[in-house]
Amino acid sequence: MIRFDEVSKTYSRKARPALESISLEILKGEFVFLVGASGSGKSTLIRMVLREERPTSGEVHVLGQRLQALPSRRVPFFRRNLGVVFQDFRLLHNKTVYENVAFTLQVIGKSRGFISEAVPDVLKIVGLAGKASRLPHELSGGEQQRVAIARAVVNRPPILLADEPTGNLDPSTSAGIMALLARINEGGTTVVMATHEASIVDSMQKRVVELDAGRIMRDEASGSYRRQLAAYDDEDQDADEGAEVRA
Amino acid sequence: MRLQLIGQEVWNGLRRNLSVVVSVVLVTFISLSFVGAAILLQLQINQMKGFWYDRAQVGIYFCGPVDATETCTQTAATEEQVQAVQDVLASGAIAPYVGDVVFEDREQAYANFMEQFGGTASAEFASPETMNEALRVQPASPADAELIREATSALPGVLEVRDQQALLDPIFQVLNTASLAAIGVAVLMLVAAVLLISTTIRLSAFSRKRELGIMRLVGASNRFIQTPFIIEGVVAALLGAVLAAGSVIAIVHFFLQGYVAPMLQTIAIVTIDDALLVAPVLVGIGVLFAGVAAAVAIRRYLRI
């Protein structure tokens, strides 16, 4: 599904690379957490899967496509195979729940008939069947994120990318969102989720890839948020933040 | 569905930036009006050239008894000399370039002069004796006038060969300069219009940044994203172009044909047919420029 081969990314302004020699393979149907401090490269990695960024060196393969070889005008069609959810929901405020989800299908040219079937279906899956005509500001944060998830999966993409989807939500709401993502994953969708919420990672017991300063520190099947070595934790993170301030 | 969606986007965009859209319409209107004026002026010049050059003659004036130049010896040109010039005009080498040739004696020249200048101060000193005999030569085409002048000006007994076209040239030069000035203003205004259109489109795109981001995220094709913006620019420019075309037609119809033409009956003025020819050109220029300007302006938002 997703393969990174020795991928590095250097921004010209920063001396320190955002990603350094990342090699990673994510298989079909996996649920993978990307964990690590802010600035560790989680978002860059997700943006590379979306081909919003290109690696400085190395190769990224997604869904059998070598992304460097993908011409820009094909990128929109490639992205139709990826669902994306963000911390800030990114909904259109002047459109209802139904319209927000339908908008995705409209802009990729789906027929009216398809839209009128697919949208109510997906709203039922995310648990918003009765709120189709609400506007985003009339919903709670958790509900808004459910709309965003509905929008991401309405086209049944094989991969769902989630960048801190629970970052703005309280723990019990987060649990609901995680249950939804787990359900989507059970349906066969590969889910890649960046987060730094330890309790979520620990409770799910899924694969964990930990990034630190652009390198993969560990890659464990059914891992937890922190490495089981107690000594690592705070000290190391402090040092890391110090480094960032200097940069 | 998509067409409806695009139409809705265009409408929203136009409504949201109404004041800027109005300024685009006005600037396009003014600039294309100048373009139209310049084209009409050129048409007018061509029409007048055709009209006057067809009537412009070459006058071959013969020596009078008081003229002393290289070819005149203070004696009036003899009949043989006049005949010799006429023979040259009728000879094989020159004849194809010569139309009608009319001889004008002193009495006729005096009559013509009095008709033109009778009652003025210069007419008081005129008499048939002060006039020169002349040949009025109609060139086969306006371009042949110079040839006739070269062939006859050095012949004995010929005082001067005057090409009437040369008298008209300053008039055309003035008109030509005016049309160049109109083109200059038109180009400046068009530049302003193009910049204004691209600014308007950028503004419109900026106000829809969130939608554009989501569109790109979910895989809307570039064409789908840019089409509403290009249509938006084209619609605004089209309004301006139609206004400009309308005003050009109105000016020709009401001012030139309705007011100027009856006063200047000897001059052919551009007609409503010419204006109807110019109108689609203006609309075409407006649409093309707006489309290109909008497409370039929106490109930044399509970069992936």
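In the text below, chain A, chain B and the rest are named by the order of the sequence lines, each starting its count at 1.
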Notebook entry, point to check: Looking at Val218(B) and Ile108(A), what are the two nearest heavy atoms and their distance?
Noted result: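 In this case the closest contact between Val218(B) and Ile108(A) is O-CG2, 3.5 Å.
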Is the count of non-hydrogen atoms from other residues, nucleotides or ligands lying under 6.0 Å from [X] atom [atom1] greater than 12?
X	atom1	answer
Phe31(A)	CZ	yes
Arg210(B)	CZ	yes
Arg223(B)	CZ	no

Next item on the list: Select one option (side chain, backbone, both, neither) describing which atoms of Phe103(A) are under 4.5 Å from chain B's heavy atoms.
Entry: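 It is the side chain, since no backbone atom gets that close.
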Checklist line | Region of Leu91(A) that comes under 4.5 Å of a non-hydrogen atom in chain B | finding: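 Interface part for Leu91(A): backbone (N, CA, C, O).
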Return the [atom1] to [atom2] distance between [X] and [Y], rounded to the nearest 0.5 Å.
X	Y	atom1	atom2	result
Gln4(B)	Gln106(A)	CD	CD	8.5 Å
Arg216(B)	Glu52(A)	CZ	CD	6.5 Å
Leu217(B)	Arg151(A)	CG	CZ	6.5 Å

Notebook entry, point to check: Counting N and O atoms only, with roles assigned by atom type, does the side chain of Arg90(A) sit under 3.5 Å from a partner on the main chain of Glu211(B), one being a donor and the other an acceptor?
Noted result: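 No; zero donor-acceptor contacts below 3.5 Å.
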Next item on the list: Report yes if the side chains of Ser221(B) and Arg74(A) come closer than 4.5 Å at any heavy-atom pair, otherwise no.
Entry: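 No, every pair of side-chain atoms sits at 4.5 Å or beyond.
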